[in-house]
Colleague: 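Questions regarding the structure given below will be posed in turn.
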Amino acid sequence: MRAQHLAAALALVLLACGAAGEDILIKGGTVVNADRQFQADVLIRGGLIARVGPNLQAERQGTRTLSAAGRLVMPGGIDPHTHLSMPFMGQVTCDDFFSGHAAALAGGTTMHVDFALPVDHDLLAGWDAWQRKAADGVMDYGFHMAVTSWSDKVAADMGTLTKMGVNSFKFFMAYKGALMVNDEQLLQALRRCKELGAVPQVHAENGDAVAEGQARVFAAGITGPEGHALSRPAALEGEATARAIRLAQFVGAPLYVVHVMSRDAAEEVARARQRGQRVVGETVASAIACDESSMWDADFTRAAAFVMSPPIRSKEHQAALQGALAGGLLQLVGTDHAVFNSSQKAAGRHDFRIIPNGVNGLEERLHVVWTELVASGKLAPTDFVRVTSTAAAHIFNVYPRKGLIAKGSDADVIIFDPALEHTLRAAAHHSALDTNIYEGYKARGKVLTTISRGRLVWHEGRLNITRGSGRFVPTPTHGPLYAGLDAVPEHSLFDVARYGGVPVRRAGDAPASGAARDEL
Ligand code: URP
Ligand code: ZN
Ligand code: ZN
């Protein structure tokens, strides 16, 4: 090879190493995957996991060795539900893709799926806008796309987006007059998702009843944040959850219910799964760790920080949601990280209806889930990995690239010390938010190290990140939620077979063509 070719090849290798990080050898830890935990070392090279096994040795000079003795080595978290730089209720969420990613990595989350919103109902314009926002990012991300209207163009654009790597679409059954779709639109959208092999997701609250409830509570003189919880009770979440599930059943589509906040909604998800429907229930960190009493705080700033939809509910709901996760009735925990600073929340100082909805959690999620569910004995560490990482990787069809520590998977890895206790505080977090709903929360277990695509991005309390180093991870259609779904006849609700399998022909009817039956 001529000298300049050799130099060029070397430069390429160096570039590749730089982009993908150094070799890292994690020694002496307990590897925890969703299916089992075992003692093993982990060697990382070129952004991927190169080996997992006992007594591994560094294979190259300059390999960085990290001791994980007494610690757990787990797949980085995947947050399936975030809203970075999202315009909403007259404000824009204050974490962008840089500060949001910084927060995520400091908390052990190495991939998230953000909800892109259409611009003026235009999905492709929304895609463009979110691409631009994400250019500042520093970690892996995917996109869901919200569908806020219905037309042939929307249906066509959904198809285009699936080719670009979006495999999930969210429908808001609340936020009347803004993002909400009606049942007719939802039905058509569910059918389109089924055609595309995409995951339909619903924000399940009865938007009409919420609007009425808000007007009644406000008219009764309750104007503060507590009015938010009072005006949209769990029954309205349960109703919409049941309705969406039944519409999905009618169409023969799977369904993903985002931010399950109540026992009512969790029970509907569980009932559907029990009868064999493909329904996934996602709850969020705030739902399992916080309760509605905070919205009654005399300090408006503190109370408003807890305003999100569906609302954070009573301790009874909190316990029911923890139980549903422990019992496998709900499948995963996201955050719905949608943060507004106290000055932004103050827009609703005299009217809870205009407090921008959303809470933090991207940085806190793993600590909260571990503390609430594993440290309390409800979940095993393997279950922790499943609900915080592997389940999302499966559902959004990026497993085993994500959500697993095994040879060939992306090197998204955390080192976790289950014995370390620490306190969550706004003053110490990495989000741009000036409050924290977990202020003073005593967390058990701590993410010591985060490795993102082979790069050591969080270690010894310090972030090492480069603006613009984030990467879009396409999520392919026809994931596990669709596997084998064809076996369910689309019109299984029409029990024509019971009466002979053909429509009744009566005197004066047109000759039988078979078309009527095919139509059914
Ligand atoms: O309050 C919330 N959940 N804000 C973000 C938008 C949504 O509904 O997910
Ligand atoms: Zn929502
Ligand atoms: Zn959300």
Side-chain angles (χ1 to χ4, degrees), residues 34 78 80-81 113 115 142-147 150 154-155 158-159 161-163 165-173 181 183-204 237-238 240-260 265-284 324-325 328-334 386-387 389-399 402-403 474-494:
I78 301 176
H81 189 152
V113 193
F115 284 95
F143 288 133
H144 315 287
M145 176 58 73
V147 171
W150 194 251
V154 169
M158 285 171 71
L161 285 172
T162 58
K163 295 194 180 76
V166 173
N167 76 0
S168 43
F169 296 93
K170 179 176 179 182
F171 313 105
F172 292 92
M173 300 168 80
V181 292
D183 287 356
E184 187 185 1
Q185 294 168 321
L186 179 57
L187 259 178
Q188 302 190 72
L190 287 168
R191 200 177 296 285
R192 181 66 176 142
C193 281
K194 185 170 186 202
E195 274 168 18
L196 294 168
V199 180
Q201 302 178 289
V202 282
H203 171 133
E237 190 189 342
T241 306
R243 183 158 37 102
I245 286 172
R246 291 301 190 173
L247 294 182
Q249 184 188 31
F250 182 62
V251 171
L255 188 73
Y256 181 114
V257 185
V258 305
H259 49 41
V260 171
E267 284 177 352
E268 296 300 343
V269 171
R271 256 197 286 278
R273 290 173 66 84
Q274 205 172 19
R275 65 174 170 258
Q277 232 186 296
R278 301 277 180 101
V279 177
V280 166
E282 166 210 274
T283 189
V284 291
L325 279 167
L329 307 176
L330 295 175
Q331 287 64 54
L332 69 171
V333 186
R386 180 172 48 77
V387 302
S389 180
T390 312
H394 272 291
I395 292 164
F396 297 110
N397 208 10
V398 291
Y399 183 88
K402 302 287 186 188
T475 51
T477 58
H478 297 93
L481 275 177
Y482 278 91
L485 193 63
D486 288 349
V488 182
E490 169 147 1
H491 300 303
S492 55
L493 284 187
F494 301 135

Colleague: Do L190 and L255 have side chains that approach each other closer than 4.5 Å (heavy atoms only, starting at C-beta)?
Modeller: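 Of all side-chain heavy-atom pairs linking L255 with L190, at least one is under 4.5 Å.
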
Colleague: Nearest 0.5 Å please: distance from the CG atom of L161 over to the NE2 atom of H144.
Modeller: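 Taking CG in L161 and NE2 in H144, the distance rounds to 13.5 Å.
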
Colleague: Any donor and acceptor pair, going by atom type alone, linking the side chain of N167 with main-chain N or O of A198 inside 3.5 Å?
Modeller: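 Not confirmed, N167 side chain does not pair with A198 backbone.
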
Colleague: Decide yes or no on side-chain contact (heavy atoms from CB on, under 4.5 Å) for I78 and K402, but give the supporting numbers first.
Modeller: CA-CA 8 Å; I78 301 176; K402 302 287 186 188; 3.8 Å; yes

Colleague: Please report the shortest heavy-atom distance between L332 and A391, naming the atom on each side.
Modeller: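 Closest approach of L332 to A391, heavy atoms only: CB-CB, 4.1 Å.
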
Colleague: So, the side chain of T283 versus the backbone of V260: is there a donor-acceptor pair under 3.5 Å, distance only?
Modeller: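 Side chain of T283 to backbone of V260, a donor-acceptor pair under 3.5 Å: yes, one is there.
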
Colleague: If you define the side chain from C-beta out and look only at heavy atoms, does anything of F396 sit under 4.5 Å from S168?
Modeller: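 The answer is yes, as the side chains (C-beta and beyond) meet within the 4.5 Å cut-off.
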
Colleague: Looking only at heavy atoms, what is the nearest atom pair of M173 and A244, with distance?
Modeller: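 Smallest heavy-atom distance, with atoms named: SD-CB, 3.8 Å.
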
Colleague: Once you round to the nearest 0.5 Å, how far does CD of E267 lie from OG1 of T241?
Modeller: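 The CD atom of E267 sits 11.0 Å away from the OG1 atom of T241.
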
Colleague: Nearest 0.5 Å, please: how far is CZ in R278 from CD1 in I245?
Modeller: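 Interatomic distance, I245 CD1 to R278 CZ, rounded to 0.5 Å: 15.0 Å.
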
Colleague: Of all heavy-atom pairs between E282 and P80, which one has the smallest distance, and what is that distance?
Modeller: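 Smallest heavy-atom distance, with atoms named: OE1-CG, 3.6 Å.
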
Colleague: CG of L247 to CZ of F171: how many Å apart, nearest 0.5 Å?
Modeller: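 Nearest 0.5 Å value for the CG-CZ distance: 11.5 Å.
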
Colleague: Could you tell me whether the side chain of Y482 reaches within less than 4.5 Å of the side chain of K194, counting heavy atoms only?
Modeller: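 The answer is yes; the side chains approach within 4.5 Å.
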
Colleague: Does some side-chain heavy atom of V147 sit less than 4.5 Å from a side-chain heavy atom of M158?
Modeller: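 Contact flag for M158/V147 side chains = yes.
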
Colleague: Less than 4.5 Å apart, side chain to side chain, heavy atoms only: is that true for L329 and V269?
Modeller: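 Result no, sub-4.5 Å side-chain heavy-atom pair not found.
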
Colleague: Residues in side chain to side chain donor-acceptor pair (under 3.5 Å) with R243, at least two apart?
Modeller: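 By the side chain to side chain donor-acceptor pair (under 3.5 Å) rule, R243 matches D183, E239.
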
Colleague: Please tell me if the side chains of L186 and V202 come closer than 4.5 Å, counting only heavy atoms from C-beta onward.
Modeller: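 They are in contact (side-chain heavy atoms under 4.5 Å apart), so the answer is yes.
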
Colleague: Sub-3.5 Å donor-acceptor pair from the side chain of T162 to the main-chain atoms of G159, do we have one?
Modeller: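 Judged by distance alone, yes, a pair lies under 3.5 Å.
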
Colleague: If every non-hydrogen atom of A240 is compared with every non-hydrogen atom of A204, which pair is closest and at what distance?
Modeller: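 Answer, listing the atom of A240 first, then A204: CB-C, 3.4 Å.
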
Colleague: Examine F172 together with F115 and report whether their ring centres are nearer than 6.0 Å.
Modeller: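 No, the ring centres sit 6.0 Å or more apart.
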
Colleague: How about V258 and K170: do any of their side-chain heavy atoms sit closer than 4.5 Å?
Modeller: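 Yes. Closest side-chain heavy atoms under 4.5 Å.
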
Colleague: How are the rings of H203 and H259 set relative to one another: parallel (under 30°), tilted (30 to 60°) or perpendicular (over 60°)?
Modeller: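 Aromatic pair H203/H259 classed perpendicular.
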
Colleague: At their closest point, which heavy atom of V199 faces which heavy atom of L481, and how far apart are they?
Modeller: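 The answer is CG1-CD1, 4.0 Å.
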
Colleague: With distance as the sole test, does R386 use its side chain to make a donor-acceptor pair with the main-chain N or O of A34 at under 3.5 Å?
Modeller: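 Answer holds: no.
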
Colleague: What I want to check is whether the side chains of R246 and Q249 have a donor and an acceptor closer together than 3.5 Å.
Modeller: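 Result is yes, a qualifying pair exists.
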
Colleague: Does some side-chain heavy atom of C193 sit less than 4.5 Å from a side-chain heavy atom of F169?
Modeller: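 Yes, side chains in contact.
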
Colleague: If you take all heavy atoms of E237 and A265, which pair is closest and at what distance?
Modeller: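 Reported closest heavy-atom pair: OE2-CB, 3.4 Å.
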
Colleague: Are any side-chain N or O atoms of T475 and backbone N or O atoms of G165, one a donor and one an acceptor, separated by less than 3.5 Å?
Modeller: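 Yes; judged by distance alone, with no hydrogens or angles, the pair exists.
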
Colleague: How would you list, by chain and number, every residue that makes a side chain to side chain donor-acceptor pair (under 3.5 Å) with Q277, sequence neighbours excluded?
Modeller: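 Residues passing side chain to side chain donor-acceptor pair (under 3.5 Å) with Q277: R275.
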
